[in-house]
Trainee: 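Could you have a look at this structure, given as structure tokens, before my questions?
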Amino acid sequence: MTTLRQYLDKNRCADDLKKLIELIAQQAIPIRQAFIANQNYADTENIYGEQQAALDKWADIHIINVLRDSKLVAEIASEEQPDIVKIPEATSDYAVVMDPLDGSSLIQVNLCVGTIIGIYENGSALQKGKDLTAAMYMLYGPMTVLTLTIRKGVCIFALNEEGEYLLMEEGVKMPEGNLYGTGGLKPDWLDYHAEFIRRIENEGSKLRYSGSFVADFHQILKYGGIYCYPAVKGKEKGKLRLVFEANPLGFIAEQAGGAITDGKRNLLEVKPDTPDQKTPVYVGSRGMIDKIQEIVLEYS
Ligand code: AHG
Ligand code: MN
Ligand code: MN
């Protein structure tokens with residue numbers, strides 16, 4: 001079977017990028033081991049006013065320390081940090097954007113959560129999603145799975161007991177499926193979003209929503225459909241963050257033939273102003289993205 005190293009070699013991945021991807025992927029092992037000792041919520045909030053889970057903080061500090069020691073990364077933008085972390089002693093100019101632990105409300109109930117990563121060249125974390133050099137996520141489910149793109153399509157690896165990632169699927173294509181999930185309380189949905197959900201339900205779409213974007217995205221990647229975290233009354237920007245959550249997963253979607261939008265525009269074309277920028281998110285199969293954009297137009 002092809003290992004992660006062999007895949008990166010075969011695809012002529014630059015040396016430092018290869019080291020960086022492998023280094024981050026290996027952190028799934030200590031992060032998984034930290035679950036037992038970090039089951040509870042911490043008594044701190046992040047800059048979004050969300051209570052941090054102990055594992056949010058642990059994974060954040062752990063990955064930042066590993067990246068700092070590697071000297072491969074000049075800048076890190078993390079969902080759990082108030083500011084961009086600069087590493088002047090770095091010898092490479094990669095920038096990493098990350099959600100160290102996505103789906104953290106599911107830690108205590110042992111449902112699937114993950115780590116989301118985007119990698120840029122040119123030392124800046126505030127770039128458009130379409131300019132990502134690589135995007136990846138590790139999923140801590142029954143298996144530890146790595147989904148990766150280095151701009152050459154999407155592949156999925158699984159971690160074996162020897163700590164090696166083995167290629168399970170290459171050239172992953174997101175099908176036109178009928179699964180959907182949506183965040184936001186129903187009474188707060190805007191009219192166009194309610195209409196979209198009504199239409200796709202009438203056309204046979206089936207609800208699947210866990211509360212972990214990365215896990216919900218993974219099943220959309222495999223089976224097709226759409227994941228939504230919409231604008232809602234009083235929160236016109238929704239909940240999810242453009243830089244750490246929407247862009248890396250949207251880039252993977254696009255590499256697999258899917259798409260990402262805020263309802264009006266391709267999110268990968270949006271230049272972030274600040275690391276903490278929020279955005280409504282619709283990500284999934286091409287046909288679903290066309291449909292929500294048509295409905296938003298009808299209602300505008
Ligand atoms: P995080 O754990 O990084 O704070 O992200 C949580 C996000 C996302 O993973 C998930 O889809 C969504 O918030 C769930 O929100 P609701 O509980 O409002 O559905
Ligand atoms: Mn998240
Ligand atoms: Mn998070």
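Residue numbers start at 1 and run along the sequence shown. Ligands are counted one by one from 1 in listed order, and the atoms in each one are counted from 1 as well.
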Trainee: Just let me know how Leu101 lines up against ligand 1, side chain, backbone, both or neither, with a heavy-atom cut-off below 4.0 Å.
Mentor: backbone
Trainee: For atom 10 (C) of ligand 1, what's the nearest protein heavy atom and its distance?
Mentor: Gly211 O, 3.3 Å
Trainee: In the protein, which heavy atom is nearest to atom 9 (O) of ligand 1, and how far is it?
Mentor: Asp102 OD1, 2.7 Å
Trainee: Can you list the atoms of ligand 1 that are under 4.0 Å from a heavy atom of Arg241?
Mentor: 4 (O), 5 (O)
Trainee: N/O to N/O below 3.5 Å, does that happen between Glu79 and ligand 1?
Mentor: yes
Trainee: If we ignore angles and hydrogens, is there a donor and acceptor under 3.5 Å between the side chains of Thr133 and Arg151?
Mentor: no
Trainee: Check ligand 1 against Phe213 and write out every atom of the ligand that is under 4.0 Å from a heavy-atom position of the residue.
Mentor: 8 (C), 9 (O), 10 (C), 11 (O)
Trainee: Taking both backbone and side-chain atoms of Asp216, is any N or O found less than 3.5 Å from an N or O belonging to ligand 1?
Mentor: no
Trainee: Please give me the protein atoms (N, O or S only) lying under 2.8 Å from the Mn ion (ligand 3), ordered by chain and number.
Mentor: Glu79 OE2, Asp99 OD1, Leu101 O
Trainee: How close does the nearest protein non-hydrogen atom get to atom 19 (O) of ligand 1, and which residue and atom is it?
Mentor: Tyr209 OH, 2.6 Å
Trainee: Would you say the side-chain atoms of Trp58 pair up with the backbone N or O of Asn38, donor to acceptor, closer than 3.5 Å?
Mentor: no
Trainee: Show the atoms of ligand 1 that are less than 4.0 angstrom away from any heavy atom in Asp99.
Mentor: 3 (O)
Trainee: Does Phe35 offer a backbone N or O that forms a donor-acceptor pair with the side chain of Gln39 under 3.5 Å?
Mentor: yes
Trainee: Answer with side chain, backbone, both or neither: which part of Ser212 has a heavy atom less than 4.0 angstrom from an atom of ligand 1?
Mentor: backbone
Trainee: Mark up the atoms of ligand 1 that fall under 4.0 Å of a heavy atom belonging to Glu50, in ascending order.
Mentor: 4 (O)
Trainee: Does Phe213 have its ring centroid less than 6.0 Å away from the ring centroid of Tyr229?
Mentor: no
Trainee: Checking Tyr7 now: which residues fulfil ring-ring contact (aromatic ring centres under 6.0 Å, His included) with it, not counting sequence neighbours?
Mentor: Phe157
Trainee: Could you identify the single nearest non-hydrogen protein atom to atom 15 (O) of ligand 1 and state the distance to 0.1 Å?
Mentor: Lys239 NZ, 3.0 Å
Trainee: Applying a strict 4.0 Å limit to heavy atoms, is Ser105 in contact with ligand 1?
Mentor: no
Trainee: By number and element, which atoms of ligand 1 are closer than 4.0 Å to a non-hydrogen atom of Glu245?
Mentor: 3 (O), 5 (O)
Trainee: Of all the non-hydrogen atoms in the protein, which one sits nearest to atom 11 (O) of ligand 1, and at what distance?
Mentor: Tyr227 OH, 2.6 Å
